[in-house]
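Reviewing the structure listed below.
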Amino acid sequence: MSNIRAIRKMQQLNNLVAMVTELARPGDTVVDFCSGTGHVGIVLAHTLPDCQIILIENKEESLVRAQRRSSELDLKNIGFLQANLDYFTGPFQIGVALHACGIATDMVLEHCIQAGAAFVVSPCCYGFIQNAVKFTFPKSKRFQETLTSKEHMILCRFADQTAVQLPPERRLIGKHCMGLVDLDRVWAAETHGYLVQVMTMEPESCSPKNNMLVGRPPQRTAEPAGHTDA
């Protein structure tokens with residue numbers, strides 16, 4: 001990993017960990033969905049020693065690397081599960097995912113809502129969003145009344161046009177489209193009583209996919225939000 005990429009990754013982690021730390025209570029179980037080699041989960045285990053952190057990843061090689069890194073740090077409050085995220089059924093209080101691609105973000109949100117858990121999710125690969133067995137898009141009633149499924153797919157493709165090599169005006173359009181796709185997700189979650197914020201990671205340059213969805217379930221919505229909406 002290059003120095004520039006490493007800095008950006010640390011900035012992304014700082015954003016997610018800060019929000020999870022704000023939401024977490026002693027004794028909580030925090031699930032890092034699509035955990036990869038454990039960048040998020042390992043930092044959370046170190047930062048939240050009074051919480052149990054579970055890493056879920058379907059690639060064996062990635063999970064083995066995460067276990068090795070965890071052992072080197074002698075972390076005791078961390079567990080590992082090799083599985084697709086939709087196979088996880090255990091109780092938890094907070095779900096987190098950094099750059100869950102396409103509908104993986106929607107799968108994480110669904111898991112959290114079904115469990116009544118808070119979530120901190122950074123979506124990615126909007127262009128891969130498509131209707132599936134579990135999901136149809138748009139998700140919210142208000143978007144369904146405005147956009148057809150085909151129009152939503154076009155919106156998702158434009159939401160992926162945020163790469164740094166694109167002209168600034170093109171990236172701005174992509175950012176607006178990202179916000180609209182995530183607003184549809186927010187409004188769908190709010191029908192379950194969630195208080196959800198769409199935020200932009202700081203600094204924005206940490207990733208072209210710099211949106212972050214932070215959702216509090218009904219039982220935690222009384223807690224103050226420490227960040228400003230994007």
Side-chain angles (χ1 to χ4, degrees), residues 1 5-6 8-10 12-13 15-17 19-20 24 28-48 51-73 75-137 139 156 159-160 181-182 185 188-189 201 207-215:
M1 183 181 295
R5 187 181 175 194
R8 288 175 177 168
K9 180 62 68 175
M10 285 189 292
Q12 295 165 25
L13 294 177
N15 280 270
L16 265 71
V17 171
M19 290 311 308
V20 174
D28 277 353
T29 296
V30 181
V31 178
D32 178 12
F33 291 97
C34 308
S35 65
T37 56
H39 293 311
V40 176
I42 288 174
V43 175
L44 287 173
H46 176 77
T47 306
L48 300 170
C51 294
Q52 179 68 27
I53 314 300
I54 299 175
L55 277 62
I56 298 178
E57 170 60 44
N58 64 358
K59 296 179 181 178
E60 181 180 8
E61 181 180 355
S62 296
L63 206 60
V64 167
R65 288 181 62 189
Q67 289 174 309
R68 183 170 63 248
R69 295 168 66 195
S70 173
S71 296
E72 290 171 353
L73 295 169
L75 296 172
K76 306 298 185 184
N77 60 327
I78 191 168
F80 305 88
L81 177 62
Q82 183 186 353
N84 291 328
L85 67 91
D86 53 344
Y87 284 101
F88 178 74
T89 58
F92 64 103
Q93 287 70 49
I94 303 174
V96 59
L98 174 58
H99 291 156
C101 294
I103 64 170
T105 284
D106 302 284
M107 295 171 70
V108 171
L109 295 177
E110 180 189 53
H111 265 62
C112 292
I113 290 170
Q114 289 180 345
F119 56 79
V120 180
V121 179
S122 177
C124 193
C125 302
Y126 291 77
F128 289 167
I129 295 173
Q130 57 185 325
N131 291 329
V133 175
K134 284 191 173 185
F135 306 105
T136 57
F137 297 90
K139 299 177 70 176
C156 291
D160 257 350
V181 174
D182 289 332
R185 288 164 159 160
M201 292 183 184
S207 172
K209 298 295 180 286
N210 52 29
N211 275 8
M212 187 168 59
L213 311 184
V214 180

Q) Can you list the residues that meet the ring pair (Phe, Tyr, Trp, His ring centres under 6.0 Å) rule with F135, with sequence neighbours excluded? A) none
(Q) V43: which residues meet the side-chain contact (heavy atoms from CB on, under 4.5 Å) condition with it, sequence neighbours left out? (A) L13, V17, T47
Q | Nearest-0.5 Å distance that lies between atom CZ in R65 and atom NE2 in H39 | A | 7.0 Å
Q) For the atom pair CZ (R185) and CG (D106), what is the distance rounded to the nearest 0.5 Å? A) 4.0 Å
Q) Mind checking what makes salt bridge (Lys or Arg N to Asp or Glu O under 4.0 Å) contact with D160, not counting sequence neighbours? A) K209
**Q.** salt bridge (charged side-chain N to carboxylate O under 4.0 Å, His left out) contacts in which one or both residues fall within residues 119-134, not counting sequence neighbours
**A.** E110-K134
Q. Does anything in residues 116-132 pair up under salt bridge (charged side-chain N to carboxylate O under 4.0 Å, His left out), and if so which pairs, sequence neighbours excluded?
A. none
Q) Between S122 and L16, which heavy-atom pair has the shortest distance, and what is it? A) CB-CD1, 4.4 Å
**Q.** Mutual orientation of the aromatic rings belonging to F88 and H111 [parallel < 30°, tilted 30-60°, perpendicular > 60°]
**A.** parallel
Q) Run the side chain to side chain contact (heavy atoms under 4.5 Å, CB included) check on F128 and I103 step by step: do they pass? A) CA-CA 7 Å; F128 289 167; I103 64 170; over 6 Å; no
Q.
With a 4.5 Å cut-off on side-chain heavy atoms, are C112 and F92 touching?
A. yes
Q | Heavy-atom closest contact (V30 atom, C51 atom, distance) | A | CG2-CB, 4.5 Å
Q) Could you state the interatomic distance from CG (L109) to CG (L213), rounded to the nearest 0.5 Å? A) 6.5 Å
Q) Any salt bridge (charged side-chain N to carboxylate O under 4.0 Å, His left out) pairs touching residues 80-97, not counting sequence neighbours? A) none
(Q) Any heavy-atom pair between the side chains of R8 and Q12 that's under 4.5 Å? (A) yes
Q) Which pair of non-hydrogen atoms, one from V181 and one from C156, has the smallest distance, and what is that distance? A) CG2-SG, 4.0 Å
